Trainee: 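Quick one: structure below, then a few questions.
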Amino acid sequence: MSTRVLIDHRKGGASKVRHPEKAHRPDNPIARKPEWIRVKAPTHPVYHETRQLMRDNRLVTVCEEAACPNIGECWSQRHATMMIMGEICTRACSFCNVTTGLPHALDADEPARVAEAVAKLGLRHVVITSVDRDDLADGGAHHFAQVIGAIRAASPETTIEILTPDFLRKDKALEVVVKAKPDVFNHNLETVPRLYPTIRPGARYYQSLRLLDRVKEMDPAIFTKSGLMLGLGEEKMELAQVMDDLRIADVDFITMGQYLQPTVKHAAVDRFVTPLEFEDYGKMARVKGFLQVSASPLTRSSYHADSDFAELRAARAARLKGA
């Protein structure tokens with residue numbers, strides 16, 4: 001029997017209504033997970049140390065907000081993906097467990113607190129993500145840049161990966177973030193274009209694709225990365241086309257993992273993709289020319305991000321040497 005660990009550190013805990021904006025939707029029963037999707041309850045003492053550090057620095061993590069199944073493993077290795085600009089998102093994607101609503105004002109002290117936590121954890125590589133902030137004129141671009149700058153000052157040797165929103169209709173926002181020079185710029189396409197109206201209704205497929213393309217146009221040295229959830233009803237040929245689209249945009253790294261339904265009000269799992277199928281999709285991506293590929297049922301955007309970055313950098317060096 002598989003286990004899904006759901007940790008809720010928020011005030012009110014399990015009794016709090018998590019997704020009132022989805023209350024009107026019909027229930028989608030949560031399917032029993034197959035034997036290859038298994039996680040254990042976190043018990044390692046370092047996990048608790050990492051959690052306490054997040055609390056002490058008043059930081060939000062996507063690990064908790066998105067109910068990531070890998071939280072026990074990652075936090076036991078002091079790897080936590082910090083989510084800046086609050087824990088309330090302006091969008092209501094049908095796959096996402098992050099709360100939707102009107103966000104609070106930005107916290108001017110947050111960049112310093114993030115940088116302090118990165119230094120205390122001694123991270124070689126850190127992933128910084130955020131909620132969508134459609135309420136802000138720049139979508140939060142300047143705040144991303146401030147966080148990157150603060151980490152550079154506090155931990156000069158730490159490489160920085162950002163996982164950003166799409167900055168839809170936010171003129172010049174992308175330029176601000178790229179100018180701050182993250183080592184990796186990640187923006188997830190999430191699924192195939194056909195499923196956007198139901199899975200990612202607030203976003204536009206070609207806006208997300210163009211975002212990644214423009215990063216490379218502005219600074220070819222920045223690695224670009226994108227992720228897909230499988231098991232939402234996509235077809236193999238559609239995934240192949242998305243891979244081609246990403247390669248045309250010169251994206252370096254693709255991640256693919258199994259979608260897991262957070263609650264009965266979220267999009268239903270169409271099917272559980274087998275480990276063998278993930279292996280085949282990974283081979284397909286490598287043939288198409290990605291520098292780095294991560295494809296497995298429990299793969300997530302920031303899962304093993306530190307070791308993946310080392311491999312990504314080595315892959316680029318080997319390709320340039322062979323050119």
Side-chain angles (χ1 to χ4, degrees), residues 21 62 66 83-86 88-96 98 100 103 127-145 148 161-182 184-220 222-230 232-235 237-257 259 267 285 288 290 300-302:
E21 80 285 353
V62 74
M83 190 167 77
I84 60 175
M85 296 190 280
I88 302 175
C89 186
T90 53
R91 299 191 191 174
C93 297
S94 65
F95 67 88
C96 185
V98 174
T100 299
V127 183
I128 306 295
T129 189
S130 80
V131 291
D132 276 285
R133 289 300 301 257
D134 297 311
D135 60 311
L136 300 175
D138 68 347
H142 285 87
H143 200 75
F144 258 107
I148 293 169
E161 178 173 332
I162 57 170
L163 172 55
T164 77
D166 58 12
F167 298 120
L168 183 64
R169 305 184 187 92
K170 304 299 181 183
D171 189 42
K172 304 299 182 182
L174 182 61
E175 287 84 347
V176 171
V177 179
V178 172
K179 189 176 180 180
K181 291 189 174 296
V184 182
F185 190 109
N186 186 0
H187 175 67
N188 288 335
L189 294 185
E190 306 291 10
T191 190
V192 300
R194 176 176 57 84
L195 297 178
Y196 264 54
T198 55
I199 301 302
R200 203 175 175 223
R204 302 294 179 268
Y205 176 79
Y206 289 104
Q207 162 70 17
S208 289
L209 193 64
R210 178 60 177 147
L211 187 84
L212 292 160
D213 188 46
R214 288 181 61 214
V215 172
K216 281 293 190 185
E217 288 179 353
M218 287 186 275
D219 191 341
I222 295 176
F223 290 102
T224 50
K225 178 177 176 180
S226 192
L228 297 170
M229 299 175 294
L230 275 56
L232 284 163
E234 70 286 337
E235 300 292 337
M237 290 307 297
E238 291 178 304
L239 285 175
Q241 183 60 62
V242 170
M243 291 182 198
D244 287 339
D245 290 345
L246 288 170
R247 287 303 301 131
I248 290 171
D250 201 21
V251 170
D252 300 296
F253 187 177
I254 186 172
T255 61
M256 291 175 278
Y259 166 65
K288 290 181 181 294
F290 290 96
R300 296 296 182 267
S301 290
S302 54

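Given the structure is predicted, the values throughout are model-derived calculations rather than measurements.
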Trainee: Do you know which two heavy atoms are closest between Ser208 and Arg200, and how far apart they sit?
Mentor: OG-NH1, 3.0 Å
Trainee: Hey, does the side chain of Lys225 reach the backbone of Asn188 with a donor-acceptor pair shorter than 3.5 angstrom?
Mentor: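 Judged by distance alone, no pair lies under 3.5 Å.
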Trainee: Of all heavy-atom pairs between Phe144 and Pro165, which one has the smallest distance, and what is that distance?
Mentor: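 Scanning both residues, the minimum pair turns out to be CE1-CD, 3.8 Å.
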Trainee: With side-chain hydrogen bond (donor to acceptor under 3.5 Å, both in side chains) as the test, would you mind laying out the steps for Tyr206 and Arg210 before giving the verdict?
Mentor: CA-CA 6 Å; Tyr206 289 104; Arg210 178 60 177 147; over 6 Å; no
Trainee: Of the non-hydrogen atoms in Leu246 and Phe290, which two are nearest, and what is the gap between them?
Mentor: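 Leu246 and Phe290 have their closest heavy atoms at CB-CZ, 3.8 Å.
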Trainee: Treating Tyr259 as the side-chain partner and Ala267 as the backbone partner, does any N or O pair qualify as donor plus acceptor under 3.5 Å?
Mentor: yes
Trainee: Counting only heavy atoms not in Lys170, do more than 12 fall under 6.0 Å of its NZ?
Mentor: yes
Trainee: Taking all non-hydrogen atoms of both residues, which atom of Leu168 and which atom of Gly202 are closest, and how far apart?
Mentor: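 Reported closest heavy-atom pair: CD2-O, 3.7 Å.
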Trainee: Answer yes when Arg204 and Asp166 have at least one side-chain N-carboxylate O distance shorter than 4.0 Å, and no when they do not.
Mentor: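 Asp166 and Arg204: not salt-bridged.
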Trainee: Considering non-hydrogen atoms only, spot the tightest contact between Ile88 and Val131 and give its length.
Mentor: O-CG2, 3.5 Å
Trainee: Would you mind checking if Arg214 and Glu175 are paired as a salt bridge, meaning a charged N to carboxylate O distance below 4.0 Å?
Mentor: yes
Trainee: Please evaluate residues His143 and Arg133 with respect to the criterion side-chain contact (heavy atoms from CB on, under 4.5 Å), reporting the C-alpha separation (whole Å), side-chain torsions for both, the decisive distance (0.1 Å), and the verdict.
Mentor: CA-CA 11 Å; His143 200 75; Arg133 289 300 301 257; over 6 Å; no
Trainee: I'd like to know if the side chain of Ser226 and the backbone of Leu189 have a donor-acceptor N/O pair within less than 3.5 Å.
Mentor: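 Side chain of Ser226 to backbone of Leu189, a donor-acceptor pair under 3.5 Å: yes, one is there.
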Trainee: Using side-chain contact (heavy atoms from CB on, under 4.5 Å), reason through Ile254 and Met243 one step at a time and then give a plain yes or no.
Mentor: CA-CA 8 Å; Ile254 186 172; Met243 291 182 198; 4.0 Å; yes
Trainee: Just checking Lys179: does its NZ atom have more than 12 heavy atoms from other residues, nucleotides or ligands closer to it than 6.0 angstrom?
Mentor: no
Trainee: side-chain contact (heavy atoms from CB on, under 4.5 Å) between His187 and Val215: does it pass, once the steps are laid out?
Mentor: CA-CA 10 Å; His187 175 67; Val215 172; over 6 Å; no
Trainee: Give the C-alpha distance, both sets of side-chain angles, the deciding distance and a yes or no for side-chain contact (heavy atoms from CB on, under 4.5 Å) between Asp250 and Thr224.
Mentor: CA-CA 8 Å; Asp250 201 21; Thr224 50; 5.8 Å; no
Trainee: Okay, side chain of Arg247, backbone of Lys288: is any donor-acceptor separation there less than 3.5 Å?
Mentor: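 Confirmed, Arg247 side chain pairs with Lys288 backbone.
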Trainee: Would you name the heavy atoms of Asn186 and Ser301 that are closest together and state the gap between them?
Mentor: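 Scanning both residues, the minimum pair turns out to be ND2-CB, 3.7 Å.
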